[in-house]
2 protein chains.
Amino acid sequence: MTETRTSPDSGRRPTRQRAAVAAVLADVEEFRSAQELHALLREAGEKVGLATVYRTLQQMAADGSIDMLRTAEGEAVYRACSTGHHHHLVCRECGRTVEVEGPAVERWATKVSEEHGFSDVQHTLEIFGTCADCADGGGVTPQVSRP
Amino acid sequence: MTETRTSPDSGRRPTRQRAAVAAVLADVEEFRSAQELHALLREAGEKVGLATVYRTLQQMAADGSIDMLRTAEGEAVYRACSTGHHHHLVCRECGRTVEVEGPAVERWATKVSEEHGFSDVQHTLEIFGTCADCADGGGVTPQVSRP
DNA sequence: CTTGAACTGAGAACGATTGTCAAAACCCGT
DNA sequence: ACGGGTTTTGACAATCGTTCTCAGTTCAAG
Ligand SMILES: [Zn+2]
Ligand SMILES: [Zn+2]
Ligand SMILES: [Zn+2]
Ligand SMILES: [Zn+2]
């Protein structure tokens, strides 16, 4: 109860580690796991503990500043998306991700929830497929970027 | 290439264990984890190894004879649903599950995939919320069934 | 009955994630 | 700049769902 905070921030402190995680996320286009991001940080010369990466990603996801979803294998993967509610079209081969919006879907979800008396609802909706390049190239060398 | 099978089944053998797993699934309304189902089997007096439960559930899910989805925590949960493509409205409190269909959503997903040149697409769509009973009762005693 | 393939299960192994806790970094008032 | 209380960090252990191993069991065809 000794709250004497001058600036009403969220109680988070800006640290080198958090900046590093945010930076690597900004550089990556695809959804990546905590471990992959940790490896990328090491490659970039940034020394950040794995536990810190996990903690930071969770916080950012909770804040809504990044998106998190689960792969088919149940692994959590993260991505710095644009703001606002949206869903994803993800290539299984190369990981390329397209953000998509579907107002009709949002309405449908709301309607269905109401019809069944559910409140405080959330929904998860992701589409997985093979992108044109991967279907084309034959998936021999999964490429992550293209000019 | 020595295929001399008289009855063209899927190469699966009907065993006591598989019947037991199917039976417990038929008795349960909610999505349940492999471990929970294993516990239920033990309670019911059926002796089935945990590994077998995992294997059987995976096979049934692959066959499409049961549905599998992941909780927010990433745990796989299973349910014997009606046949046909559908999605779920799941209560976070009591686990009550309603199967829902959304033709418009299916069309939207297809359209979006095509627009971006994705092929061989799948989608996951689940709605989580609090059902009327749980919102009402105050969630003091999460109940799984009700007359 | 014989026999090879499918199946099972106890326990080890695995891998992602979380917990621990002392040390380090930080903020703020002095 | 200094000190003290709070937050954050990170090496490591621990947890926990899931998968692997492999010898023993069951099955069904012949
Ligand atoms: Zn996103
Ligand atoms: Zn949505
Ligand atoms: Zn279902
Ligand atoms: Zn669908």
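Just so we're on the same page: letters track the sequence lines, and every chain starts at 1. For the numbers below, each heavy atom of this structure counts, side chains included, while hydrogens, waters and symmetry mates do not. Since this is a predicted model, take the numbers as computed values, not measurements.
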Original post:
Under the side-chain contact (heavy atoms from CB on, under 4.5 Å) criterion, do A/His87 and A/Glu106 qualify, and how do the steps go?
Top reply: CA-CA 11 Å; A/His87 299 281; A/Glu106 309 301 330; 3.0 Å; yes
Subject >> Test item: A/Arg79 side-chain N/O and A/Leu69 main-chain N/O as donor-acceptor pair under 3.5 Å >> reply: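 Side chain of A/Arg79 to backbone of A/Leu69, a donor-acceptor pair under 3.5 Å: no, none is there.
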Subject >> Lys/Arg N to Asp/Glu carboxylate O, A/Arg70 vs B/Glu73, below 4.0 Å >> reply: no
**OP:** Summarise protein proximity over nucleotides 8-17 of chain C in one line of letters, 5' to 3': B for base, S for sugar-phosphate only, - for none, counting protein heavy atoms closer than 4.0 Å.
**Re:** BBB-----SB
Original post:
Members other than B/Tyr54 in its cluster, when Ile, Leu, Val, Met, Phe, Trp, Tyr link by side-chain heavy atoms under 4.5 Å?
Top reply: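 Members besides B/Tyr54, by chain and number: B/Leu50.
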**OP:** Evaluate side-chain contact (heavy atoms from CB on, under 4.5 Å) for A/Gln17 paired with A/Glu46, printing each intermediate quantity in order.
**Re:** CA-CA 8 Å; A/Gln17 289 86 341; A/Glu46 289 286 355; over 6 Å; no
